[in-house]
Amino acid sequence: MLEKLNLYRNDGLDQSTRALCSLLDSGSCMLSRLSFGWQSSSPLKINVGPLAEAIVRYGCLQYMSLHNSRLDISDLVTLLDAASRCRTLVTLSLRDNHIGNLHLLDGIMQTHTPSRLRKLRLEGNPLDADDRAALAKLVEDHPELHDFGIPKDE
């Protein structure tokens with residue numbers, strides 16, 4: 001059974017995303033770890049919407065990494081919404097993307113029961129003092145979420 005899948009430096013981004021969604025929906029794997037990143041050589045950005053919904057339907061993924069994939073705040077909102085509905089996702093690593101303006105997260109993950117998400121890795125994103133305040137608010141609303149991968153002195 002397939003438990004871990006790494007898809008790095010992938011030129012066929014749309015095809016790979018569709019294939020991955022089909023794999024998750026097929027019920028033929030026990031995938032718990034998915035790493036899908038380092039797409040920086042591609043001019044395209046992954047469309048996280050279908051992937052996020054497939055993860056919610058699949059319901060077994062514990063770790064997902066989408067680092068260095070040109071993701072922005074709207075992608076983060078989509079993924080956090082999915083994480084709040086996925087009862088198994090514990091770690092979401094979004095290192096080295098273009099995520100900022102975290103004040104836009106206010107109210108995200110409010111409509112669902114407490115998430116199992118414990119780690120949201122954001123190191124290497126363009127975060128400033130206002131973003132840190134937004135993260136503090138997110139932790140206040142979701143104390144189970146405690147690891148952002150950002151050094152305290154950064």
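In this chain, numbering begins with 1 at the start of the sequence shown.
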- side-chain contact (heavy atoms from CB on, under 4.5 Å) evaluation trace for Thr91 with Asp147: CA-CA 9 Å; Thr91 301; Asp147 183 353; over 6 Å; no

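- Between Ser69 atom OG and His98 atom NE2 the span is 9.5 Å, to the nearest 0.5 Å.
- Among pairs with a residue in residues 52-61, those fulfilling salt bridge (Lys or Arg N to Asp or Glu O under 4.0 Å) read Asp25-Arg57, Glu53-Arg85, at least two apart in sequence or across chains.
- Proximity of a side-chain donor or acceptor of Asn97 to a complementary backbone N or O of Arg95 within less than 3.5 Å is detected.
- Cluster membership check: Leu80 shares its hydrophobic cluster with Leu135, using side-chain heavy-atom separations under 4.5 Å among Ile, Leu, Val, Met, Phe, Trp and Tyr.
- Both Val77 and Leu145 belong to a single network of hydrophobic side chains, linked directly or stepwise wherever heavy atoms of I, L, V, M, F, W or Y lie under 4.5 Å apart.
- Residues Leu89 and Tyr63 approach most closely at CD1-N, 3.9 Å, considering heavy atoms.
- Applying the side-chain hydrogen bond (donor to acceptor under 3.5 Å, both in side chains) criterion to Ser74, with sequence neighbours excluded, gives Asp72.
- Counting only distance, with no hydrogens or angles, the side chain of Asp96 and the backbone of His67 share no donor-acceptor pair below 3.5 Å.
- Going from atom OG of Ser93 over to atom CG of Asn68 covers 11.0 Å, rounded to the nearest 0.5 Å.
- Rounded to the nearest 0.5 angstrom, Phe148 CZ and Leu138 CG are separated by 5.0 Å.
- The minimum heavy-atom distance between Met64 and Ile55, with the atom names listed, is SD-CD1, 3.0 Å.
- Scored by the side-chain contact (heavy atoms from CB on, under 4.5 Å) test, Arg118 finds Val90, Arg116, Glu144, His146 as partners (sequence neighbours excluded).
- Applying the side-chain contact (heavy atoms from CB on, under 4.5 Å) test to Val48 and every residue at least two apart in sequence or in another chain returns Ile46, Leu66, Leu71, Asp75, Thr78, Leu79.
- The line from CZ of Arg33 to OG of Ser65 is 8.5 Å long, rounded to the nearest 0.5 Å.
- Rounded to the nearest 0.5 angstrom, Leu61 CG and Cys86 SG are separated by 6.5 Å.
- Each of Ile99, Leu102, Asp131, Ile73 was scored for a side-chain contact (heavy atoms from CB on, under 4.5 Å) with Asn125, with one residue passing: Ile99.
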- Decide yes or no on side-chain contact (heavy atoms from CB on, under 4.5 Å) for Leu76 and Leu104, but give the supporting numbers first. CA-CA 10 Å; Leu76 176 60; Leu104 298 173; over 6 Å; no

